[in-house]
Amino acid sequence: MATALAHLLVAYLILIAPWLSRLKYRQLQLRLASGQVGARIRFYQIACIQQLARILIVLALCLLSSIPPRAMGLAGPISWYDTGRVLTILAVVLAASIVLFHFVGDWQLRRLLKMVGALVPVSATERRWFALVGLGAGVSEEIVFRGFLFFYLARFTNFSSIQIIVASSLLFGFCHIYQGWFGVLGTSLAGFCLAFLYAGTGSLLVPIVVHAALDLRLLLILTPKRIEKLQPAPPRLT
């Protein structure tokens, strides 16, 4: 039963998840365009439920198959000292990027809004829900795309470690196809970095923290005032 459930989860990630996410994002765009009140918050709430469901499925697989938690990265890192150094360096880099984007990067941010503008929170309530979604993405996507997928590919394929990293990262990127192909490329590259962090530390702790921090960073960069500034100016009447 556990093996069948694992195969079904992988089939879902490959065949259904990318197109479902694209459909849901398009529906969100249409609801926002039609002025539906609370459309973005409902989208966030559903996303939180789906994140929890994915986590529970992977945990159920561990219990049903008596898989040690460490086999899926659900344990502390091999070296807390090295992990602390890595997290410190990454924290400095993320903080520097936040400061940098406060002064430059309008072109990149406009491109980001073009790709995923419907997901960007505006009101205070939306920003709180987005923070919850960002935290949930850091936990659920790392458990699924790094912890579970690494274990699955190692067990059911003859892939080498680097092939597992490549395959899981490409699938992670493809599941973000709603962002367009440029977004797929960007998230695939992010997946490579997160995969190497997981492989290097033997724990999901670092990729979860980094993933969540990358998502939550948007709240500090794309403030309501900054979003308003990035919007195209209305045409002048002559």
Taking atom CG of Leu218 and atom CD1 of Ile98, what is their separation to the nearest 0.5 Å?
9.0 Å

In one Ile/Leu/Val/Met/Phe/Trp/Tyr side-chain cluster, 4.5 Å: Ile165, Leu197
no

Roughly how far apart are His211 NE2 and Leu216 CG, rounded to 0.5 Å?
9.5 Å

Atom pair CZ/CG of Phe192 and Leu189 - distance to nearest 0.5 Å
7.0 Å

Starting from the C-alpha separation in whole Å, work towards a yes-or-no answer on side-chain contact (heavy atoms from CB on, under 4.5 Å) for Phe182 and Arg111.
CA-CA 10 Å; Phe182 188 82; Arg111 187 176 186 89; 3.4 Å; yes

Start with the C-alpha distance between Arg26 and Gln29, add both sets of side-chain angles, then the distance that settles side-chain contact (heavy atoms from CB on, under 4.5 Å), and finish with yes or no.
CA-CA 5 Å; Arg26 180 57 181 158; Gln29 288 178 309; 3.5 Å; yes

Measuring from Glu142:CD to Ile208:CD1, what's the distance to the nearest 0.5 Å?
6.5 Å

Just do the side chain to side chain donor-acceptor pair (under 3.5 Å) check on Thr88 and Arg85 with the steps written out, would you?
CA-CA 5 Å; Thr88 300; Arg85 290 199 304 172; over 6 Å; no

Start with the C-alpha gap between Cys48 and Leu52, add the side-chain angles, then the distance that decides, and say whether side-chain contact (heavy atoms from CB on, under 4.5 Å) holds.
CA-CA 6 Å; Cys48 289; Leu52 179 60; over 6 Å; no

Residue among Asp82, Leu87, Ile78, Thr83 satisfying side-chain contact (heavy atoms from CB on, under 4.5 Å) with Thr201:
Thr83

Shared hydrophobic cluster, Leu220 / Val92 (ILVMFWY, side-chain heavy atoms < 4.5 Å):
no

Go through Leu204 and Val139 one step at a time and tell me if the side-chain contact (heavy atoms from CB on, under 4.5 Å) criterion holds.
CA-CA 9 Å; Leu204 288 175; Val139 176; over 6 Å; no

In terms of hydrophobic clustering (I, L, V, M, F, W, Y; side-chain heavy atoms under 4.5 Å; direct or indirect links), are Leu113 and Leu185 co-clustered?
no

Heavy-atom pair of closest approach, residues Asp215 and Phe130:
O-CE2, 3.5 Å

For the side chain of Ser65 and the backbone of Cys62, is there at least one donor-acceptor N/O pair under 3.5 Å apart?
no

Answer yes or no: is there a donor N or O on one side and an acceptor on the other, between the side chain of Arg70 and the main chain of Gly76, under 3.5 Å?
yes

Nearest atoms (heavy-atom pairs only) where Leu13 meets Cys175
O-SG, 3.4 Å

What distance do Glu141 atom CD and Leu194 atom CG have between them, rounded to the nearest 0.5 Å?
9.5 Å

Got a donor-acceptor contact below 3.5 angstrom from the Arg40 side chain to the Leu32 backbone?
no

Is it the case that atom CZ in Phe156 sees more than 12 heavy atoms from other parts of the structure closer than 6.0 Å?
yes

Are Leu112 and Val99 linked, directly or through other ILVMFWY residues, by side chains that come within less than 4.5 angstrom of each other?
no

Heavy atoms of Ala2 and Leu61 approach each other most closely as O-CD2, 3.1 Å

Heavy-atom side-chain contact between Tyr198 and Val206 under 4.5 Å
no

Distance-only, no hydrogens or angles: does the Tyr25 side chain make a donor-acceptor pair with backbone N or O of Ala118 under 3.5 Å?
yes

Ile143 vs Leu74 side-chain heavy atoms within contact, under 4.5 Å
yes

According to a 4.5 Å side-chain heavy-atom criterion applied to Ile, Leu, Val, Met, Phe, Trp and Tyr, with indirect links allowed, do Leu8 and Tyr12 form part of one hydrophobic cluster?
no

Closest contact, heavy atoms only, Met115 versus Gly183:
SD-N, 3.8 Å

Hey, are the side chains of Leu119 and Tyr178 touching, using non-hydrogen atoms and a 4.5 Å cut-off?
yes

Are the side chain of Arg226 and the backbone N or O of Phe101 linked by a donor-acceptor pair below 3.5 Å?
yes

Ignoring hydrogens and geometry, is there a side-chain-to-backbone donor-acceptor pair from Gln179 to Val116 under 3.5 Å?
no

So, do Val58 and Leu9 sit near enough that their side-chain heavy atoms are less than 4.5 Å apart?
yes

With a 4.5 Å heavy-atom cut-off, do Leu230 and Leu222 have their side chains touching?
yes

Rounding to 0.5 Å, atoms CD1 (Ile164) and CG (Leu153) come to a distance of 5.5 Å

Report yes if the side chains of Phe148 and Ile67 come closer than 4.5 Å at any heavy-atom pair, otherwise no.
no

In terms of ring plane angle, is the pair His176 and Phe172 parallel, tilted or perpendicular, where the classes change at 30° and 60°?
perpendicular

Between Pro18 and Ile177, which heavy-atom pair has the shortest distance, and what is it?
O-CG2, 3.3 Å

How far apart are the closest heavy atoms of Gly173 and Ser188, and which atoms are they?
CA-OG, 3.3 Å

Can you confirm whether Met72 sits close enough to Phe150 that some side-chain heavy atom of one is under 4.5 Å from a side-chain heavy atom of the other?
no

Tell me whether the count of non-hydrogen atoms from other residues, nucleotides or ligands lying under 6.0 Å of CD in Gln108 goes above 12.
yes

Heavy-atom check, side chain of Gln51 versus side chain of Val133, under 4.5 Å:
yes

